[in-house]
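Taking it in order: structure first as structure tokens, then the write-up.
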Amino acid sequence: MVMEIVAVVVVLACCLVVFLLRPGDDSRRQDLEASLDAVDDNGLFSGWDELSPSERTRRLSMYQRRVLVRHAEQEREWLRARLRDIAKG
């Protein structure tokens with residue numbers, strides 16, 4: 001009886017490991033990424049309380065990338081303006 005219980009537990013543990021280690025559905029993830037790219041910054045945080053911790057982390061990461069891109073664009077424009085001012089003398 002004990003051996004049967006141990007065998008069932010081992011099989012269940014193996015199934016759990018296989019389930020947890022299998023790769024996610026990339027097409028579904030890409031669709032979600034594309035839909036989130038179309039959402040504004042406020043949309044990334046809508047329904048925040050219902051999101052899983054991993055989804056929150058992903059959305060925060062996406063927001064951080066957007067902020068960094070905006071900051072880099074502002075810096076680039078500022079540098080261009082400074083170069084134009086310097087070139088004018």
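None of the values given here were measured: they were computed from a predicted structure.
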| remark: Heavy-atom closest pair (Leu44 atom, Val39 atom, distance to 0.1 Å) is N-CG1, 3.6 Å
| query | Does one hydrophobic cluster hold both Val67 and Trp48, with members joined at side-chain heavy-atom distances below 4.5 Å? | reply | yes
| Out of curiosity, Arg59 CZ to Ser46 OG, how far, rounded to the nearest 0.5 Å? | 6.0 Å
| remark: Here the pair of heavy atoms bringing Arg66 nearest to Asp41 is NH1-OD1, 3.0 Å
| task | For Gln64, look at atom CD and say whether over 12 heavy atoms of other residues, nucleotides or ligands are found less than 6.0 Å away. | result | no
| Arg58 and Glu55: salt bridge (Lys or Arg N to Asp or Glu O under 4.0 Å), yes or no, with the steps? | CA-CA 5 Å; Arg58 196 170 70 75; Glu55 180 64 20; 2.9 Å; yes
| query | Ser61 versus Arg65: any side-chain heavy-atom pair under 4.5 Å? | reply | yes
| field | Straight-line distance of Gln74 CD to Glu77 CD, nearest 0.5 Å | value | 9.5 Å
| Can you name the closest pair of heavy atoms from Arg56 and Leu51 and give their distance? | NE-O, 3.4 Å
